[in-house]
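Shown next, in structure tokens, is the structure this report addresses.
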2 protein chains.
Amino acid sequence: MSDMTNTAITTFTIGELAQEFDTTTRAIRFYEDQGLISPAREGQKRIYSPADRITIKLIMRGKRLGFSLAESKELIDLYNAEDGNRMQHVRVLEQVNASRERLLQQKADIEIMLLELEEHENRIQADMKKP
Amino acid sequence: MSDMTNTAITTFTIGELAQEFDTTTRAIRFYEDQGLISPAREGQKRIYSPADRITIKLIMRGKRLGFSLAESKELIDLYNAEDGNRMQHVRVLEQVNASRERLLQQKADIEIMLLELEEHENRIQADMKKP
DNA sequence: CCCCTAGTTTACGTTAACGTAAAGGTAATG
DNA sequence: CATTACCTTTACGTTAACGTAAACTAGGGG
């Protein structure tokens with residue numbers, strides 16, 4: 001154990017997170033560069049908190065859905081905006097709705113593509129029994 | 001009417017399709033360059049068939065889901081592979097399953113993000129009533 | 001005949017999201 | 001004490017997906 005004074009806070013190294021999310025340390029540093037995460041430092045070394053880890057998880061999920069890093073950053077900033085006055089709140093709610101609509105559109109696209117895949121699969125399987 | 005000998009086949013110009021799919025002629029020509037479509041020609045001019053139009057629709061849907069053009073091309077080739085022997089069929093079915101799994105993963109990601117958005121929205125709306 | 005619109009090719013420019021290489025610091029380990 | 005395993009910064013390279021500009025053609029209108 002490295003430090004008994006620590007109150008048992010789980011932290012992660014950049015290598016651990018890279019492995020867990022099947023990415024590279026270069027990528028994770030790049031996300032920091034773009035302002036999506038700001039891990040603590042212990043000397044030179046980056047120390048990632050559970051919250052940082054969640055943020056990376058969100059980034060990866062965004063990537064799977066074709067979100068750009070800029071878009072993911074918007075979402076992250078959205079969730080991190082604790083200090084809201086009413087003006088901010090309204091804008092945040094608008095952003096939430098915009099994101100929701102995008103996701104629903106994607107969901108609809110997925111349903112269509114799944115149906116088309118199934119149709120195609122059926123045609124092929126029918127084709128395999130015939131000649 | 002341009003030609004009475006034509007048997008009433010609907011065709012499209014590149015400009016029409018660019019408008020319909022809210023993109024540019026440059027983009028559509030690029031897709032051709034990458035081998036995703038091969039429109040007919042009338043002299044120099046590209047003439048797009050309904051099938052070409054469907055292909056472009058598929059490309060656009062793919063883009064909304066974060067598919068690269070290479071990935072969309074795979075799907076298009078998948079659908080266009082009418083001339084299948086059994087070897088081909090097996091590979092096609094594998095491809096279909098791979099695509100399906102990807103889409104299901106995306107769908108799961110979307111459900112999670114929708115839930116998170118809703119949670120966040122609730123927190124904010126609760127926050128707006130308090131102080 | 002001139003202009004306008006819509007098409008064409010060719011080619012260089014641009015942005016995002018890292019990859020890759022170089023050069024170095026640090027801590028444990030044989 | 002030298003090696004190994006991770007970490008660091010800096011910086012140039014790369015790929016995808018077009019954007020943008022230049023220069024040209026073809027057809028219809030006034």
Side-chain angles (χ1 to χ4, degrees), chain A residues 1-4 6 11-49 52-53 55-77 102, chain B residues 1-4 6 11-49 52-53 55-77 102:
Chain A
M1 240 140 258
S2 52
D3 195 354
M4 288 293 288
N6 271 346
T11 63
F12 311 90
T13 71
I14 195 170
E16 288 168 357
L17 293 181
Q19 251 205 320
E20 172 174 0
F21 294 109
D22 194 29
T23 182
T24 66
T25 60
R26 174 66 176 95
I28 295 182
R29 289 196 197 94
F30 182 72
Y31 303 150
E32 180 179 352
D33 225 63
Q34 303 301 303
L36 287 96
I37 31 180
S38 343
R41 297 282 179 138
E42 185 177 294
Q44 281 266 81
K45 303 204 168 177
R46 278 165 253 254
I47 305 291
Y48 295 85
S49 70
D52 292 328
R53 182 174 160 279
T55 299
I56 295 179
K57 200 173 205 168
L58 200 154
I59 295 173
M60 293 322 199
R61 203 153 51 210
K63 288 196 64 181
R64 286 196 297 272
L65 293 175
F67 283 56
S68 71
L69 290 185
E71 289 170 321
S72 289
K73 182 174 158 54
E74 280 193 65
L75 276 181
I76 294 165
D77 293 350
R102 183 212 170 125
Chain B
M1 240 138 260
S2 52
D3 193 358
M4 289 292 287
N6 269 347
T11 63
F12 311 90
T13 70
I14 194 171
E16 287 168 358
L17 292 182
Q19 251 204 320
E20 173 174 359
F21 293 108
D22 194 28
T23 181
T24 67
T25 61
R26 175 66 176 95
I28 295 182
R29 289 196 197 93
F30 182 72
Y31 302 149
E32 181 179 351
D33 225 63
Q34 302 302 303
L36 288 95
I37 32 179
S38 343
R41 295 282 180 141
E42 187 177 292
Q44 282 268 81
K45 301 204 171 177
R46 277 165 253 253
I47 305 291
Y48 296 87
S49 71
D52 292 327
R53 182 174 160 280
T55 300
I56 295 180
K57 200 174 205 166
L58 201 154
I59 296 172
M60 292 322 196
R61 203 154 50 210
K63 288 195 63 180
R64 285 197 297 273
L65 292 175
F67 283 55
S68 71
L69 290 185
E71 290 170 321
S72 290
K73 181 174 160 53
E74 280 193 65
L75 276 181
I76 294 165
D77 294 349
R102 183 211 170 125

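Proteins come first, then strands; the chains are lettered A, B, ... in the order of their sequence lines, and each starts at number 1.
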Integer-rounded Å distance: [N] [atom2] and [X] [atom1]:
X	N	atom1	atom2	answer
B/Glu16	C/dT5	CD	P	17 Å
B/Arg41	D/dT25	CZ	P	17 Å
B/Glu42	D/dT25	CD	P	19 Å

How about [X] and [Y]: do any of their side-chain heavy atoms sit closer than 4.5 Å?
X	Y	result
A/Phe30	A/Leu69	yes
A/Leu58	A/Leu36	no
B/Ile76	B/Ile37	no
A/Tyr48	A/Glu16	no

May I ask you to list the residues of residues 21-37 of chain A, by number, that have any heavy atom positioned under 4.0 Å from an atom of DNA chain C?
A/Thr24, A/Arg26, A/Ala27, A/Phe30, A/Tyr31

Considering only heavy atoms, which members of residues 63-73 of chain A lie under 4.0 Å from some atom of DNA chain C?
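By residue number: A/Lys63, A/Ser68, A/Leu69.
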
Which is it for B/Asp33 and B/Arg29 under the salt bridge (Lys or Arg N to Asp or Glu O under 4.0 Å) test, yes or no, and what are the steps along the way?
CA-CA 6 Å; B/Asp33 225 63; B/Arg29 289 196 197 93; over 6 Å; no

If only side-chain N and O atoms of A/Thr13 are considered, is one of them under 4.0 Å from the OP1 or OP2 phosphate oxygen of D/dC7?
yes

Sequence neighbours excluded, the answer for side chain to side chain donor-acceptor pair (under 3.5 Å) partners of B/Thr11 is none

The side chain to side chain donor-acceptor pair (under 3.5 Å) partners of B/Ser49 (sequence neighbours excluded) come to B/Asp52

From B/Met60 atom CE to B/Phe21 atom CZ, the distance as rounded to the nearest 0.5 Å:
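Here the rounded value is 7.0 Å.
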
Hey, which of B/Arg41, B/Lys73, B/Arg26 is the one that makes salt bridge (charged side-chain N to carboxylate O under 4.0 Å, His left out) with B/Glu32?
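Checked B/Arg41, B/Lys73, B/Arg26 against B/Glu32; only one passes salt bridge (charged side-chain N to carboxylate O under 4.0 Å, His left out): B/Arg41.
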
Counting primed atoms plus P, OP1 and OP2 as sugar-phosphate and everything else as base, spell out the protein contacts along nucleotides 23-28 of chain C at 4.0 Å heavy-atom distance: B, S or - for each nucleotide, 5' to 3'.
------

With sequence neighbours left out, write down each residue that passes side chain to side chain contact (heavy atoms under 4.5 Å, CB included) with A/Lys45, or none if nothing qualifies.
none

